[in-house]
Amino acid sequence: MNPETNPMNSDAPLRVMLGERSYDIRFYHGNLAQLALDLRLFCPERALVVSNETIWAIHGCALSEALTLAEIDATVVHIGDGERHKTLQTASMVYDRLIEGRFSRRTCVIAFGGGVVGDLAGFVAATYMRGVDFVQIPTTVLAMVDSSVGGKTGVDHPLGKNMIGAFYQPRTVCIDFSLLRSLDEHNKRGGFAEIIKYGVIWDPKFFAWLEENIEDALGLEQGAVHHAVRVSCEAKARVVAQDEREGGLRAILNYGHTFAHAIESLGEYKERQYHGQAVSIGMVAAAEVAVRMDMAPSEDASRIRNLLARAGLPTSIPRDLEPAQIIDRMASDKKVVSGRLRFVLPSRIGKVEIRDDVPVDLLTAVIRDLRA
Ligand code: GLY
């Protein structure tokens, strides 16, 4: 990677500016020992580490050893691996461990895993004894650049995803890039859909940088992956700092997600939990809608599609999904406002608009033409 295209690649912590709830995102390269030492500040008494058996089997010994060396008195609880375990029952099992173990108000909950672990552990921290401290050690690309930053915590309900939750900011987020080496290809590439998203919605220079460096970043080349994750976190931090509770601007983070949630809930993406892959298709579809609404040049939609394809992400809608099915499912999404479908549409690379006036005929044509 050309270092000149990489002026921001720094190990300095990145501050998320939220007044008295401000916190740092810290970066490490295979240094769980230092990470654990830095966590001491947030663990004045005991800590409860929430993880799952899959991640713990790979990295558990190393984290335990680092916490012990840092003299953090930690107990570990495992939750099941996968979105279907992000429930109130699982949260209740974690509360049982906290109450039976007599964990006090000064407990720190440490989330060690991907988005499910982070969302659930954060929700438990937000609610146990009306709120205890919480830190995140994300282990997937998606969790590093999206779910661990910005304070959305919660669990799913049988009637909808993330229906029960709280905005609750962590005290810090510690990102160690070495944890990504154990990630499977699909998970890793899925996380890159969210990274590319930040280029489209916020930062055209970053998008151009990704066009030059996507292979190095996907190959986890140290400088490239650090830059990709750091700039993504910075974009998210800036958006969240302006609109923590999604009253307006934060909704731009949902670019690609209106289509994605419908595709996920209808098809194989749900079963296999390929959220990022569904977001990739959704970003292509939203860019195509923008072109057909005469909002955006078709070259920009092509650049978005090409970059996603180069990242090994899908860019077509599965053929077995009918346009009407997808549109019906979008209409039942919890983000629908006053019965109107809302889309985040790129007007050019680096800028998006939120629109609720996309004609159904146009939507149907886009979906039909993107099926393959
Ligand atoms: N994942 C979207 C958000 O944090 O607002």
Side-chain angles (χ1 to χ4, degrees), residues 14 16-18 21-23 25 83 86 111 113-123 125-126 134 136 138-156 160-170 172-173 175 187 190-203 228-265 269 273-283 286 313 330 333-337 342-346 352-354:
L14 182 65
V16 184
M17 302 296 279
L18 288 165
R21 282 166 288 105
S22 296
Y23 59 94
I25 304 172
E83 184 79 25
K86 206 176 96 176
V116 169
V117 165
D119 285 6
L120 186 132
F123 179 67
F134 163 53
Q136 294 253 25
T139 58
T140 64
V141 177
L142 189 97
M144 288 178 184
V145 300
D146 183 26
S147 55
S148 74
V149 180
K152 280 190 178 175
T153 73
V155 294
D156 299 336
K161 265 181 90 165
N162 296 320
M163 280 295 183
I164 299 156
F167 286 97
Y168 194 69
Q169 300 296 341
T172 188
V173 177
I175 292 178
N187 253 309
F192 270 80
E194 299 280 352
I195 287 177
I196 293 169
K197 179 188 82 177
Y198 293 112
V200 180
I201 65 171
W202 192 253
D203 189 341
V229 169
R230 187 180 174 98
V231 178
S232 299
C233 288
E234 186 171 62
K236 180 148 190 189
R238 291 221 173 144
V239 171
V240 169
Q242 287 180 53
D243 178 24
E244 185 182 3
R245 298 177 75 92
E246 202 166 319
L249 178 72
R250 187 164 179 163
I252 70 172
L253 299 173
N254 298 324
Y255 168 51
H257 286 63
T258 312
F259 285 98
H261 288 157
I263 291 167
E264 269 182 296
S265 71
Y269 291 98
Q273 296 164 20
Y274 290 163
H275 175 67
Q277 277 72 5
V279 168
S280 170
I281 299 170
M283 289 198 282
L313 288 158
M330 288 195 287
D333 194 286
K334 75 174 185 299
K335 289 194 165 66
V336 169
V337 176
R342 281 208 312 169
F343 294 92
V344 180
L345 303 180
V352 286
E353 286 175 31
I354 298 178

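Both ligands and their constituent atoms are indexed starting at 1 by order of listing.
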Open item on the list: Is there a side-chain contact between I281 and F259 in this structure, where contact means two heavy atoms from C-beta onward sitting under 4.5 Å apart?
Closed with: no

Open item on the list: Does any part of the side chain of M283, heavy atoms only, come nearer than 4.5 Å to the side chain of K197, both counted from C-beta?
Closed with: yes

- [ ] Take R250 and Q242 through the side-chain contact (heavy atoms from CB on, under 4.5 Å) test and state the conclusion after the steps.
- [x] CA-CA 8 Å; R250 187 164 179 163; Q242 287 180 53; over 6 Å; no

Open item on the list: So if I only count non-hydrogen atoms and take anything under 4.0 Å from ligand 1, which residues does that give, chain by chain?
Closed with: D146, K152, K236, E246, R250, L253

Open item on the list: I'd like to know if the side chain of S22 reaches the main chain of M17, judged simply by a donor and an acceptor atom lying under 3.5 Å from each other, with no hydrogens or angles considered.
Closed with: no

May I have the list of side-chain donor-acceptor pairs in residues 140-149 shorter than 3.5 Å, sequence neighbours left out?
residue	atom	partner	partner atom	Å
T140	OG1	A143	N	3.0
D146	OD1	K236	NZ	2.7
S148	OG	A143	O	2.7

Open item on the list: Taking the ring of Y255 and the ring of F343, is the distance between their centroids below 6.0 Å?
Closed with: no

